[in-house]
Each structure stands twice: as structure tokens, then as C-alpha cells.
Peer 1: 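The structure follows.
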Amino acid sequence: MIHRLSTLFVRTLRDDPAEAEIPSHRLLLRAGYIRRAAPGGYTWLPLGLRVLQRVEHIVREEMNAIGAQEVHFPALLPREPYDATGRWTDYGPNLFRLQDRRGVDYLLGPTHEEMFTLLVKDLYSSYKDLPVWLYQIQTKYRDEARPRAGLLRGREFVMKDSYSFDLDDEGLQRSYDAHRSAYVNIFARLGLDVVIVKAMSGAMGGSASEEFLAPSASGEDTFVRCSQCDYRANTEAVRIGTPSAPDASNTPAALVVDTPNTPTIQTLVDLLNSRQDLQRTTPWAAHDTLKNVLVMLRQADGSRTPLAIGVPGDRDVDMKRLEALVAPLEVEPFGEGDFAARPTLIKGYIGPNALGEAQPLGIRYLLDPRVVANTAWVTGANAPGRHVVNLVCGRDFAADGVADVADVRDNDACPMCSAPMRIERGIEMGHVFQLGRKYAEVLGLQVLDEKGKQRVVTMGSYGVGVSRAVAAIAEMHHDEIGLRWPRSVAPMDVHVVIAGKAGDQTAPAGEQLAAELSASGLHVLLDDRTGVSPGVRFKDAELMGMPMIVIVGRGVANGVLEVRDRIAGTTTEVPIAEAAQHIITCCA
RNA sequence: CGGGAUGUAGCACAGCUUGGCUAGUGCGCCUGGUUUGGGACCAGGAGGUCGCAGGUUCAAAUCCUGCCAUCCCGACCA
């Protein structure tokens, strides 16, 4: 198929659009692949649409290959199923809600667990029908507070979501593994290097969960990668190692000291080091202190309960990690009003002995895993201007449990092998997780087992960001001058540039080459524009990013064409007579 | 939702401080001509509710008030 640049619906931009910051957004706009139509909503132009469709095609092939079957739901969905699972309210302001002319509530689907569950319930009722794997490629709607980065986070986007239905956990594991391997194939074919990391299942519920992240500075997810072993995890899901308990038999008794004007860790450490009577072999440091952070947890019904977390003073509580731990409860700051209601808590001097469910305030108190038995700490004494030194965990205070929610840093020790871990950013390309029976239970999806007994079906849920993949591929495959599509998703196989003078042999030679390539099944973008200078043609070709560019120009007089590999950056001269075959071979 | 910035032609921007005639520049677009291997040149054109609404004024892109939108950072985010 020949697509002529003289008639193709596209206009490249010379200047970078001011609204675009990251490379993929900038280049997709400049090269004429997409246009912004609404905040978080993009129009796909012919070239962009072809990339999107090729990505969809690869996803379809791999899903079909594992035996999943494609269906298609409406994006416009009724309220009732989402009421049944509580997501009509749980989803909060991120859900697009609307009403029909009679005032009946609808929503635009953000994801379709409910509909798939009900569909299977509608049609199946026997264990003999299981397992079944269904998927769709669908436009999803989420009223994101802040869409950004072009296609990377929109309010309307294309996602492939699939769901597995099994009788038991062993079946679920098989379904999960099949999807996981399909995803590995999909991302390999898309030219996306992905890292598979342990993830939190978040508000979706369920157990085992992994994310496929494409490492990129533009990514919104943070993950750790062990420098030695194969441990990789989203920072939300990192579980740090627990040190062994030291010997505390020589630790002196706890001592309350006056520490006026030390509301922060740094001021406290400075004061400790200035006190002659507290000198020890190593100077006091932030990691000797135990910081007690208070938050409020909010239930769906709006009620709030306090929670205290003790972390070493050199670390902060990572709110994302805490949110992940307490989900579906929401974390709110502990406000002035909350302090006022509990006058025994002295801001800046809160100590473990005021915390814990056994204490009068009854505040649940959780400790960072680093705070193991027999470790000694400097911490608040629950009195203004006073701290306590040598407060030993287990000897002098106790907590209600462990909370691994302190921030994770570059070089932190790997929980598996203790080697240093690296922190990186990534774009979430896919997410697989074992949903379990949550949706099946509330929506009543049961089948009869071989003994004629009703059994609740167990589910898995698997997503691929299809439109996001287009951006991620662009993010990963470009250089300073333009896009460089992998062959598997490029909108065209070859970009043929006619770069000669009017009336010379270049135009017929280019036409003939394009015809030969097209006849062999290649998609050819032919720059047949007249009155356009060669510089513009070259720049446009480089910007648009087809993997191969053929220059039909001054070489024609000597019987040769110039074949440029946009990915490798190489240029080869090929005799005209052999050119078509050469290119076809390269594209195979 | 908090912080910062910006709204002037398809794209990038100037003009606003200190109000003044017909709102400018570059790119892109149209017509004619000269060009043709790295974003050509000459001449002539088309294209604008200056984000919206109100106010001040003889006069508003410019000053005032309110609103809206977009972008960036953060919060949030199956």
C-alpha cells in the first residue's frame, strides 16, 4: 500500500508545542500523530492511529494465542453493578457519572470487573465451563485530577483488560501464569523493555500482583531493583529485611533529659552531641532517634481513627506506602484539632509510652521493622522540651505491630540478599493480579462443582495500557531529531523520499520503487510532494520516524539509491535494480 | 485540592509596565516567479470575538473585578 505525503492528512510542526514537556508528547504532536482535543483527550491522526492499531493487533494476537476470547462491552454502563461492589462511591471523583433523560444514573467505565463477572454469571453455571478467559480492548474513562504527559495519563484512554475465571486457587495460578507470559511476549514485540515488579493490589483487593514497568524518567511509578539478585518491587510493595535483635543487657536504664527547643530531629541530634554528660563512642545521629508520626485513617463512612507509626528519625513515612498498607482506608493528616482533642500528646515530643492500644489514648501504634527488640532509642518523653535516651524496645516500650512504610532510598539493602538496591522510575504498562473471590462473592458468581455444590468462582484481572504503550514506545525509541519506531509498530515500513529536481528521473524512479515495495505487501510512505526543498523532506522523514528511509535523489544518475536505517543510523548505497529486494529483505 | 506559570492566527512568540489611529513578528497556508542534498528566496495575499463576562475611560490586548481554561510541581491515581 502506498501512502502519499502529498495527500496524507498530516501536518508536521517546526516548533515544539509549548504544552508538551516530555519527548513522546512533543514528538507525537510535532510529527502529526495526535492532536489534543480536550484535557486528557487526544485525536488520533492517520499515522498515530496506525501505530495504535498495530499495538492493538499485537495484543490481540498474544491474547488469542493463550486462548483468551475477545468480547466488547459498552463504555456507558449502568450504576447497579457498581453499587453492588461499592465502587460507585469508592471510586470517588475519578468516576465519570452521568444521567439519562429520565434521571437514571450511568457511568463511563473506568474498568470492567463488575460487567465481566456478571456476564459470566449470566451464561455459565458449571465447573465444566471453567476456566474461561475473556478480554476486551476498550476506551476507558477516568476523571483524573490532573491528566498529564499527553498519552501517558489521559482521562480517556485505550486499555486491554482481561479476566480469568477458575474454580480454585490452583486454576487461578495457571491463569495468572498464562497471562503473565503473554504479557512478556506482548512487550517484547512492542519493543518495550519492561521490568516485572512486585506490586500492591491496591483498591482492587486480591493477593498476588505484579506490574510491568517500562523504565523511564518520565514514568510516574517508583520501583527498586536489586543490584545483585532478581528482586524488583514497586516502592509501595517493598518489604524490607528485619535486623536480628541485638544484646541489650549492657544498655543503661532509660533516662529522661531536658531537651528544650528541639521540636525537630536535627535540633535534637545537635543538642545531644553538645551535652558532655551524654557523650558516647560515636556521635548521636538521626538514626538513633525514634520519630513517632501520627495520622488519621478515614473509613468510607467518614469516621476517623488515629494511627501512630514509629520510624527511625532519619526516615520519613512514605504516604504512598502507608496508603497501600491501610487500603481501602484513606490517610489524612493529624491536624491541630486532633492534637487539641488529645492534650497529652505534645507535638514534637511524642513518645512510645503514650501510644499503643493499651494506653489511655488507645492509639494503635506500629513500628518500622528496623525497630526490633533490644534496640535503644532516643525519643519523645511526652512532656514539653523533654526526650528520653536509651529507651529499649521490648524492655521499656511495646507496640501493637509492624508497619513497613518508611521511605525507600537508593542503596537500601535488598530484603532477599542484602545487596544495595537501586531506585528507578517507570511507566506502568501492565498489571496482572489475582483478584480472588471478592467480585464473584458480592455479585454472586457461583458454579456447581463435580459434587453438585455451589462454589464461588475465583478471578484474576489483567490490564495493558494500549494507548499508553504508544507513548511509552515513543518515549523509549526516539532521538534528538525525531521518532524511531520499532518495525513491529511503525505506521509504515518504508519512507521513500523523492529528492530530485523537477523533470529528472527521481520521481519516476521513486514511484516505481514504491510500487514494487507495495506489491510485496509493504506499507510505503512516499514523499511525492512538489516544490518542497530536500531539507524539509529529510527533516520530516526523520521526525516521522519510519524505521527505514530511502532517498531517491542525486544517486539515481549513477544508478543507486540511499537506504538509511533510522534505528541503526546507518546509510547504505544500493543499486536501483537491487533496491526493492534489498529493502524487502530488511523488512522481513 | 495546595504551589507556580500562561491564555494574542494552525505552531512559536512580541506588544501590556506608562491605555491611543487599521494588533505585530517568524514559521506554516494561498497566488505568481526564481530555486532544489539538509527546515531556500523575491513579490503579493488570506487568516484574529487579543480565554470569557462585567467594570473604569472619549478610548482597553493593555487598568480593575469575577469567572473559565491550559501547562508544570506536589497531593491524588484499577
Side-chain angles (χ1 to χ4, degrees), chain A residues 10-22 25-26 29-30 32 35-41 82 85 87 90-95 109-114 116 138 140-150 152-155 157 159-163 199-206 209 211 218 220-221 236 318-320 323-324 327-328 330-333 428 430-433 435 438-439 461-465 481-482 497-504 506-507 527 529-543 549 551-557 562 564 571:
Chain A
V10 69
R11 186 107 308 156
T12 58
L13 305 178
R14 243 180 229 216
D15 299 310
D16 282 333
E19 67 191 39
E21 295 277 318
I22 67 165
H25 190 195
R26 221 177 55 226
L29 281 170
R30 268 195 65 197
R35 295 293 293 171
R36 198 185 75 91
Y82 287 77
T85 55
R87 292 210 296 180
D90 288 352
Y91 229 98
N94 274 5
L95 191 64
T111 170
H112 282 69
E113 278 79 3
E114 285 83 351
F116 274 89
Q138 240 272 356
K140 306 288 188 185
Y141 297 87
R142 293 183 198 169
D143 191 358
E144 297 283 352
R146 185 155 91 78
R148 74 181 97 188
L152 277 186
R153 176 165 297 275
R155 298 206 289 181
F157 56 95
M159 179 165 108
K160 188 287 299 178
D161 51 328
S162 44
Y163 305 87
M200 296 297 284
S201 28
M204 297 294 302
S209 166
E211 285 172 338
S218 304
E220 299 184 86
D221 284 79
E236 288 175 11
D318 182 326
M319 286 303 159
K320 273 194 179 176
E323 292 265 9
E330 301 208 1
V331 179
E332 290 184 354
E428 183 182 346
H431 197 160
V432 291
F433 55 98
L435 265 186
K438 175 182 166 183
Y439 287 88
S461 164
Y462 319 89
V464 171
I481 56 176
V497 175
I498 296 172
K501 297 180 175 59
D504 67 11
T506 56
D527 189 349
R529 294 175 294 183
T530 53
V532 175
S533 73
V536 171
R537 297 174 196 271
F538 296 150
K539 293 283 187 198
D540 275 346
E542 285 149 358
L543 178 61
I549 299 171
I551 313 291
V552 186
R554 61 187 172 200
V556 171
E562 217 173 295
R564 299 186 186 178
T571 300

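Computed over heavy atoms, backbone and side chain alike; hydrogens, waters and symmetry mates excluded. In what follows, chains are A, B, ... by sequence order, proteins preceding strands, each numbered from 1. Given the structure is predicted, the values throughout are model-derived calculations rather than measurements.
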Peer 1: Of A:R155 and A:R537, whose nearest nucleotide on RNA chain B comes first from the 5' end?
Peer 2: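 Result: A:R537.
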Peer 1: Tell which nucleotide pairs with B:rG47, taking only Watson-Crick or G-U wobble pairs whose two distances are both under 3.5 angstrom.
Peer 2: none
Peer 1: Mind checking whether A:L95 and A:P110 have side chains closer than 4.5 Å, heavy atoms only?
Peer 2: yes
Peer 1: Heavy atoms from C-beta onward define the side chain here; which of B:rA75, B:rC11, B:rG39 lies closest to that of A:R148?
Peer 2: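 Shortest atom-to-atom distance from the side chain points to B:rA75.
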Peer 1: Can you check the distance between B:rG15 and B:rC71, where both ends of the measurement are the P atom (answer in whole Å)?
Peer 2: 24 Å
Peer 1: Remember a base hit wins even if backbone is also touched, and classify A:K501 as base, sugar-phosphate or nothing at under 4.0 Å, heavy atoms.
Peer 2: sugar-phosphate
Peer 1: Would you say the base of B:rG37 and the side-chain of A:E562 have a donor-acceptor pair closer than 3.5 Å?
Peer 2: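 By the distance-only test, yes, there is a pair.
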Peer 1: Would you say that A:F433 contacts A:E211 through its side chain, given a criterion of any heavy-atom pair below 4.5 Å between the two side chains?
Peer 2: no
Peer 1: Which part of the nucleic acid, if any, lies within reach of A:I551 when heavy atoms closer than 4.0 Å are counted: base, sugar-phosphate only, or nothing?
Peer 2: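 Result for A:I551 = base.
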Peer 1: Go ahead and name the base partner of B:rG2; Watson-Crick or wobble counts if both distances stay under 3.5 Å, otherwise write none.
Peer 2: B:rC73
Peer 1: Which nucleotide in the set B:rG37, B:rC11, B:rA40 lies at the smallest distance from any side-chain heavy atom of A:V536?
Peer 2: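 Out of B:rG37, B:rC11, B:rA40, the nucleotide with an atom closest to A:V536's side chain is B:rA40.
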Peer 1: For B:rA60, what is the paired nucleotide under Watson-Crick or G-U wobble rules, both distances under 3.5 Å?
Peer 2: none
Peer 1: Roughly how far, to the nearest 0.5 Å, is CD of A:E19 from CZ of A:R36?
Peer 2: 5.5 Å
Peer 1: Taking the P atom of each, how far is B:rG45 from B:rA9, in whole Å?
Peer 2: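 Looking at atom P only, B:rG45 and B:rA9 are 22 Å apart.
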Peer 1: Specify the separation, in whole Å, of atom CZ of A:F157 and atom C1' of B:rC77.
Peer 2: 10 Å
Peer 1: When only distance counts, do a donor and an acceptor, one from the side chain of A:R11 and one from the base of B:rC29, lie under 3.5 Å apart?
Peer 2: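 It does not, because no donor-acceptor pair links the side chain of A:R11 to the base of B:rC29 below 3.5 Å.
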Peer 1: Can you tell which of B:rG26, B:rU36, B:rC72 lies closest to the side chain of A:D15?
Peer 2: B:rG26
Peer 1: In whole Å, measure the gap between the C1' atoms of B:rU34 and B:rG7 for me.
Peer 2: 41 Å
Peer 1: Remember a base hit wins even if backbone is also touched, and classify A:A149 as base, sugar-phosphate or nothing at under 4.0 Å, heavy atoms.
Peer 2: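 Sugar-phosphate contact only - A:A149 comes under 4.0 Å of backbone atoms but never of a base.
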Peer 1: Let's test your reading of the model: under 3.5 Å, does the base of B:rG39 pair with the side chain of A:E542 as donor and acceptor?
Peer 2: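 Between B:rG39 and A:E542, which were checked side chain against base, a qualifying N/O pair under 3.5 Å is absent.
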Peer 1: Between B:rC72 atom P and A:R36 atom CZ, what is the distance in whole Å?
Peer 2: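 Spelled out: CZ on A:R36 to P on B:rC72 is 11 Å.
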Peer 1: Whether the side chain of A:R537 engages the backbone of A:I498 through a donor-acceptor N/O pair (distance < 3.5 Å, no angle test) should be reported.
Peer 2: yes
Peer 1: So which nucleotide from B:rC13, B:rC11, B:rA40 ends up closest to the side chain of A:A18?
Peer 2: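 Between B:rC13, B:rC11, B:rA40, the one nearest the side chain of A:A18 would be B:rC13.
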Peer 1: Report yes if a side-chain nitrogen or oxygen of A:R14 is closer than 4.0 Å to either non-bridging phosphate oxygen (OP1 or OP2) of B:rG28; otherwise report no.
Peer 2: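 So the side chain of A:R14 is within the cut-off, an N or O lying under 4.0 Å from OP1 or OP2 of B:rG28.
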Peer 1: Please determine, for B:rC13, whether a Watson-Crick or G-U wobble partner exists with both distances under 3.5 Å, and give it or none.
Peer 2: B:rG24
Peer 1: Give the intermediate values and the outcome of side-chain contact (heavy atoms from CB on, under 4.5 Å) for residues A:E113 and A:K438.
Peer 2: CA-CA 10 Å; A:E113 278 79 3; A:K438 175 182 166 183; over 6 Å; no
Peer 1: Mind checking the C1' distance from B:rG32 to B:rA14? Whole angstroms is fine.
Peer 2: 31 Å
Peer 1: Let me know the distance between NE2 of A:H25 and P of B:rC72, rounded to the nearest Å.
Peer 2: 8 Å
Peer 1: Is there, by distance only and without an angle test, a donor paired with an acceptor across the side chain of A:R30 and the base of B:rG28 below 3.5 Å?
Peer 2: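 Between B:rG28 and A:R30, which were checked side chain against base, a qualifying N/O pair under 3.5 Å is absent.
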Peer 1: Whole-Å distance between B:rG38 C1' and A:L543 CG?
Peer 2: 14 Å
Peer 1: Counting only Watson-Crick or G-U wobble pairs whose two distances fall under 3.5 Å, which nucleotide matches B:rG7?
Peer 2: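 Its partner is B:rC68.
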Peer 1: Check this for me: does any side-chain nitrogen of one of A:R148 and A:E220 sit under 4.0 Å from a carboxylate oxygen of the other?
Peer 2: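 A:E220 and A:R148: salt-bridged.
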Peer 1: For nucleotides B:rG3 and B:rG66, find the distance between their P atoms and express it as a whole number of Å.
Peer 2: 15 Å
Peer 1: So, A:Y141 and A:D143: side-chain donor and acceptor under 3.5 Å apart, yes or no?
Peer 2: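 Their side chains do not contain a donor-acceptor pair, so the 3.5 Å distance test is not met.
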Peer 1: Classify A:A499 by what it touches in the nucleic acid, base, sugar-phosphate, or nothing, heavy-atom distance under 4.0 Å.
Peer 2: base
Peer 1: How far, in whole Å, is B:rC64 from B:rA46 if one measures between their C1' atoms?
Peer 2: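 Approximately 37 Å lies between the C1' atom of B:rA46 and that of B:rC64.
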Peer 1: How long is the line joining CZ of A:R153 and P of B:rA75, in whole Å?
Peer 2: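 In whole Å, B:rA75 P and A:R153 CZ are 13 Å from each other.
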Peer 1: It should be established whether A:S533 places a side-chain nitrogen or oxygen under 4.0 Å from OP1 or OP2 of nucleotide B:rA40.
Peer 2: yes
Peer 1: If you check every side-chain atom of A:N94, which of B:rG39, B:rC77, B:rC11 has the closest atom?
Peer 2: B:rC77
Peer 1: B:rG10, B:rG37, B:rG74: which one has an atom nearest the side-chain heavy atoms of A:F538?
Peer 2: B:rG37
Peer 1: May I ask you to decide if A:E542's main-chain N or O and A:R564's side chain share a donor-acceptor pair within less than 3.5 Å?
Peer 2: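 Answer holds: no.
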Peer 1: Across the strands shown, which category fits A:D540 at heavy-atom distances under 4.0 angstrom: base, sugar-phosphate, nothing?
Peer 2: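 Touches a base.
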Peer 1: With rounding to whole Å, what would you report as the distance between B:rU22 and B:rC41 at their C1' atoms?
Peer 2: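 The answer is 29 Å between these two C1' atoms.
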Peer 1: For B:rC41, give its Watson-Crick or G-U wobble partner with both distances under 3.5 Å, or none.
Peer 2: B:rG33
Peer 1: Pick the P atom in B:rA60 and in B:rG19, then give their distance to the nearest Å.
Peer 2: 13 Å
Peer 1: Between the base of B:rG38 and the side chain of A:R564, is there any donor-acceptor pair under 3.5 Å?
Peer 2: yes
